[in-house]
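Letters go in sequence order (proteins before strands), and every chain restarts at 1. Side chains are part of it too, since the values below use all heavy atoms of this structure and drop only hydrogens, waters and symmetry mates.
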Amino acid sequence: MDHRLKKNSQFSYIYKRGERVNTQYFTLFVVKSRFDDYKIGFSVNKKIGKAHTRNKLKRRLREITKRLPIKKIKNYVLMAKEGSEQLDFNTLQNEVKRLFEKYEKRV
RNA sequence: UCAGUUGACCAGAUGGUCGCUGUGUGUCUGUGAUGGACACAGAGAGGAAAGUCCGAGCAUCAAAAGAACAGGGUGCCAGUUAACGGCUGGUGGAGGCGACUCUAAGGAAAGUGCAACAGAAAUAGACUGCCAUCGAAAGAUGGUGAUGGUGGAAAGGUAGGGCAAGAGCCUACCGGGCGGUUGGCAACAAUCGCCGCUCUGUAAACCCCACUCGAUGCAAGAUUAAGUUUGGAUACAUGUGCGUUCUUUCACAUCCAACAAAAGUAUCGCUUGAACUUAUUGGCGACAGUAAGUCUGGAUAGAUGACCAUCCAAUACAGAACUCGGCUUAUAGUCAACUGUAAAC
RNA sequence: GCAGAGGUGUCCGAGUGGUUUAAGGUGCAGCCCUGGAAAGGCUGUGUGUGAGAAAUUGCACCAAGAGUUCGAAUCUCUUCCUCUGCG
């Protein structure tokens with residue numbers, strides 16, 4: 001039910017071992033999971049803005065990932081880059097879609 | 001109209017679909033124990049939540065009292081407050097035509113330090129000039145602080161008299177000091193009299209005076225948690241104990257060092273509070289009293305979003321992290337009162 | 001969240017009230033040395049803007065903005081940015 005990734009140790013594990021996919025606005029880290037489920041964490045750097053803008057971006061990303069059909073048996077970390085906070089909701093959604101499609105192609 | 005000053009208000013609303021975090025009630029379900037799922041009801045960021053610049057509550061440092069030293073803070077007067085370096089009302093000063101705004105505003109006659117360069121000279125005594133005496137002249141001796149230029153600052157200022165030339169040397173006005181009177185709680189103001197009146201600036205330099213301050217911050221700290229091993233120091237003395245030293249009362253059979261284990265995604269601290277709303281009383285006001293009513297975030301990768309429609313001028317700055325009172329900074333819009341240097345009707 | 005440290009030419013870094021002091025190194029440019037290079041030696045060199053034909057020279061700038069002072073990179077206040085520590 002809850003697809004959030006919470007533990008700091010899991011984050012650092014995924015940064016170390018995960019496969020990376022880059023686009024202009026995001027970096028995706030992916031790692032295989034032991035369970036028939038997926039978990040996703042968001043990383044928004046302090047460079048992107050103050051607390052208000054970072055919170056807003058995280059909320060929007062959580063909304064988008066809820067709607068997308070995401071493959072199970074995987075754990076993800078979605079890292080936002082500078083510039084992504086200025087996009088509106090629709091373009092942000094397309095960018096995230098493009099990111100996941102790029103990863104699928106690779107596999 | 002335009003330009004400006006001050007004081008308030010507000011921080012989108014309504015409906016629909018999907019989704020998040022607590023609380024209460026009910027149903028179902030599970031464990032050694034805390035629980036978990038679903039349904040319904042009701043709640044869910046700000047005026048600055050920000051900066052962390054001040055002041056408190058609260059917690060730990062075992063608990064206190066006194067003295068000396070060191071260190072920090074504040075600094076016109078009165079009030080207000082739990083407290084403050086905040087706020088309110090006054091006084092003095094500065095700015096503006098004005099409405100009004102700003103003000104670290106005690107002491108330089110307790111002492112010490114510093115004041116570059118320029119200038120004759122910088123807190124003291126003579127470059128030029130002026131005057132007198134001596135001298136044929138050059139110049140010497142004395143008087144002068146008025147002239148010149150320097151400087152942030154040059155011995156109160158302006159005018160007249162006076163003098164060899166000058167000077168508060170004398171007078172008037174302005175300024176200053178001392179004393180009295182009146183008004184005011186006071187800061188201070190007004191006024192009268194006396195004194196011709198040597199004594200620069202800097203205390204956001206050391207300092208003096210008055211008042212005041214223990215340190216560390218919820219990552220404080222508590223529960224779970226019972227207590228283990230090794231080595232060293234010390235038996236009527238030693239060690240430790242809120243900046244340092246001393247004294248007194250005391251506390252601990254301890255104190256120091258090393259190692260191991262527990263434990264993290266746990267629970268408490270955590271939200272009812274110097275609270276908020278309305279009415280009313282006192283006060284110029286900050287604020288205080290009384291009455292009635294209300295319960296109003298508690299997360300922990302960290303909760304308020306996305307889309308559509310309508311209204312509309314409709315958004316800017318921006319997200320609680322233990323909690324309050326202020327200050328400062330960022331910022332969209334609306335309203336009211338007031339001012340008029342200048343221009344137009 | 002709480003506590004603390006810092007910001008100076010391209011870079012590192014001294015200067016902690018005084019006018020001709022923005023030290024020194026690094027980098028860059030030129031010359032010497034060498035058959036040629038490296039190393040070494042010597043000389044010059046911050047940025048912006050104004051004056052001048054040129055040599056030269058005035059003013060401003062020490063993160064930003066105010067204040068104290070005759071005078072501020074230095075003292076005080078406010079803001080911005082960077083870094084560090086705390087279970």
Side-chain angles (χ1 to χ4, degrees):
Chain A
M1 191 63 212
D2 194 11
H3 298 297
R4 279 182 300 165
L5 196 67
K6 291 184 176 178
K7 283 173 87 173
N8 193 25
S9 57
Q10 290 177 335
F11 270 83
S12 54
Y13 178 84
I14 292 168
Y15 285 140
K16 249 188 190 175
R17 300 287 177 82
E19 301 175 68
R20 288 193 204 178
V21 184
N22 281 299
T23 62
Q24 191 187 344
Y25 295 111
F26 301 102
T27 304
L28 188 69
F29 293 80
V30 188
V31 144
K32 282 189 180 176
S33 173
R34 275 185 292 173
F35 303 99
D36 184 23
D37 204 353
Y38 72 93
K39 282 196 171 184
I40 185 157
F42 304 100
S43 172
V44 182
N45 202 286
K46 226 177 188 178
K47 277 184 186 174
I48 281 172
K50 297 192 175 182
H52 175 253
T53 52
R54 279 185 283 146
N55 269 354
K56 195 166 188 179
L57 187 63
K58 271 195 268 184
R59 263 188 250 122
R60 284 176 155 179
L61 290 175
R62 208 177 301 130
E63 184 71 25
I64 288 163
T65 51
K66 204 189 298 159
R67 293 179 180 195
L68 286 175
I70 291 174
K71 284 210 166 182
K72 290 185 175 181
I73 332 180
K74 294 276 166 68
N75 286 337
Y76 304 89
V77 170
L78 185 59
M79 189 187 261
K81 294 187 187 174
E82 285 180 76
S84 55
E85 80 279 2
Q86 291 175 351
L87 303 175
D88 64 0
F89 186 79
N90 281 328
T91 48
L92 200 68
Q93 195 167 21
N94 291 334
E95 281 294 322
V96 175
K97 233 184 239 176
R98 224 159 55 85
L99 181 71
F100 277 92
E101 279 166 9
K102 195 175 175 185
Y103 172 68
E104 293 299 316
K105 270 186 193 174
R106 241 204 205 179
V107 174

Discussion item. Checking base pairs now: Watson-Crick or wobble, both atom distances under 3.5 Å. What partners B:rG264?
Written reply: none
Worksheet item: Counting any heavy atom closer than 4.0 Å, what does A:R54 reach on the DNA or RNA strands: base, sugar-phosphate only, or nothing?
Response: nothing
Discussion item. Rounding to an integer number of angstrom, what distance separates B:rA56 and B:rA65 when you compare their C1' atoms?
Written reply: 26 Å
Item to complete: Write down the partner of B:rC246 under the Watson-Crick or G-U wobble criteria, each distance required to be under 3.5 Å.
Response: B:rG66
Worksheet item: Using atom P of each nucleotide, how far apart are B:rG57 and B:rA83 to the nearest Å?
Response: 11 Å
Discussion item. Can you tell me if A:K81 has over 12 outside heavy atoms packed within less than 6.0 Å of its NZ?
Written reply: yes
Worksheet item: With both distances under 3.5 angstrom, what nucleotide forms a Watson-Crick or G-U wobble pair with B:rA50?
Response: B:rU328
Worksheet item: Quick one: does A:F26's side chain get under 4.5 Å of A:L92's, heavy atoms only?
Response: yes
Discussion item. What's the separation between atom CG in A:L99 and atom OH in A:Y25, rounded to the nearest 0.5 Å?
Written reply: 13.5 Å
Item to complete: Using a 90° cut-off around 0 for syn, call B:rU296 syn or anti.
Response: syn
Response to the item:
The reported gap from CZ in A:F42 to CD1 in A:I40 (rounded to nearest 0.5 angstrom) is 4.5 Å
Worksheet item: Can B:rG47 be described as syn, meaning its chi torsion is within 90° of 0, or is it anti?
Response: syn
Worksheet, complete the sentence: Partner of B:rC2 under the Watson-Crick or G-U wobble criteria, both distances under 3.5 Å, comes out as B:rG340
Worksheet item: Between A:R59 and B:rU304, is there a side-chain N or O to OP1/OP2 distance below 4.0 Å?
Response: yes
Worksheet item: Between B:rA330 and B:rA318, how far is it from one P atom to the other, in whole Å?
Response: 11 Å
Worksheet item: Is there a side-chain contact between A:F89 and A:I64, using heavy atoms and a 4.5 Å cut-off?
Response: yes
Discussion item. Counting Watson-Crick and G-U wobble pairs with both distances under 3.5 Å, what is the dot-bracket string for RNA chain C, 5' to 3', using [ ] for crossing pairs and | for pairs to another strand?
Written reply: ((((((((..[[..)..(.....]].((((((.......))))))((((((....)))))).[[[[[..)....]]]]]))))))).
Fill in: Integer angstrom distance from the P of B:rG293 to that of B:rC40
35 Å
Worksheet item: Whom does B:rC211 pair with, Watson-Crick or G-U wobble, provided both distances fall under 3.5 Å?
Response: B:rG73
Worksheet item: Do A:E63 and B:rG19 have a side chain to base donor-acceptor pair shorter than 3.5 Å?
Response: no
Worksheet entry | Sub-4.5 Å side-chain heavy-atom contact between A:Y76 and A:T65 | no
Fill in: Base-pairing assignment for B:rA306 (Watson-Crick or G-U wobble, both under 3.5 Å)
B:rU17
Worksheet entry | Separation of B:rA306 C1' from A:K97 NZ (nearest whole Å) | 14 Å
Worksheet item: To the nearest Å, how far apart are A:H52 NE2 and B:rA316 C1'?
Response: 11 Å
Worksheet entry | Distance, rounded to the nearest Å, where A:F89 contributes CZ and B:rG19 contributes C1' | 12 Å
Worksheet item: Does B:rG168 sit syn or anti, given that only angles within 90° of 0 count as syn?
Response: syn
Item to complete: Classify the glycosidic conformation of B:rG22 as syn or anti, calling it syn when the angle lies within 90° of 0.
Response: syn
Discussion item. Strictly by Watson-Crick or wobble contacts shorter than 3.5 Å, is anything paired with B:rA8, and which nucleotide is it?
Written reply: B:rU334
Worksheet, complete the sentence: A:L92 CG to B:rC307 P, in whole Å, measures 10 Å
Worksheet item: When you match A:D88 and A:R62 each to their closest nucleotide on RNA chain B, which lands nearer the 5' end?
Response: A:R62
Fill in: Nearest-0.5 Å distance that lies between atom OG1 in A:T23 and atom CZ in A:F100
10.5 Å
Discussion item. Please report the distance, rounded to the nearest Å, between CD1 in A:I64 and C1' in B:rG305.
Written reply: 11 Å
Worksheet item: Can you find a side chain N or O atom of A:R60 that sits less than 4.0 Å from OP1 or OP2 on B:rG305?
Response: no
Worksheet item: Can you check whether A:R106 reaches A:K102 side chain to side chain, under 4.5 Å on heavy atoms?
Response: no
Worksheet item: Please give, in whole Å, the distance from B:rG46 P to A:N55 CG?
Response: 15 Å
Fill in: B:rA116 to B:rG151 separation - P atoms, rounded to the nearest Å
14 Å
Item to complete: Using whole Å, report how far NZ of A:K58 lies from C1' of B:rU300.
Response: 12 Å
Discussion item. Just to verify, which of A:K56, A:E63, A:R62 counts as forming a side chain to side chain contact (heavy atoms under 4.5 Å, CB included) with A:R60?
Written reply: A:K56
Discussion item. What's the gap between C:rA73 and C:rC61 when it is taken at their P atoms, as a whole Å value?
Written reply: 7 Å
Discussion item. Both distances below 3.5 Å, Watson-Crick or wobble geometry, any strand: find the nucleotide opposite B:rA237.
Written reply: none
Worksheet, complete the sentence: Assigned chi class of B:rA45 under the 90° convention is syn
Worksheet item: Which value, in whole Å, describes the distance between the P atoms of nucleotides B:rA43 and B:rG15?
Response: 13 Å
Practice prompt. Rounded off to whole Å, could you give me the CG-to-C1' distance for the A:L78 and B:rA301 pair?
Written response: 14 Å
Worksheet item: When you compare B:rU60 with B:rU14, how far apart are their P atoms, in angstrom units rounded to a whole number?
Response: 47 Å
Practice prompt. Answer yes or no: is there a side-chain heavy-atom contact under 4.5 Å between A:N94 and A:R98?
Written response: no
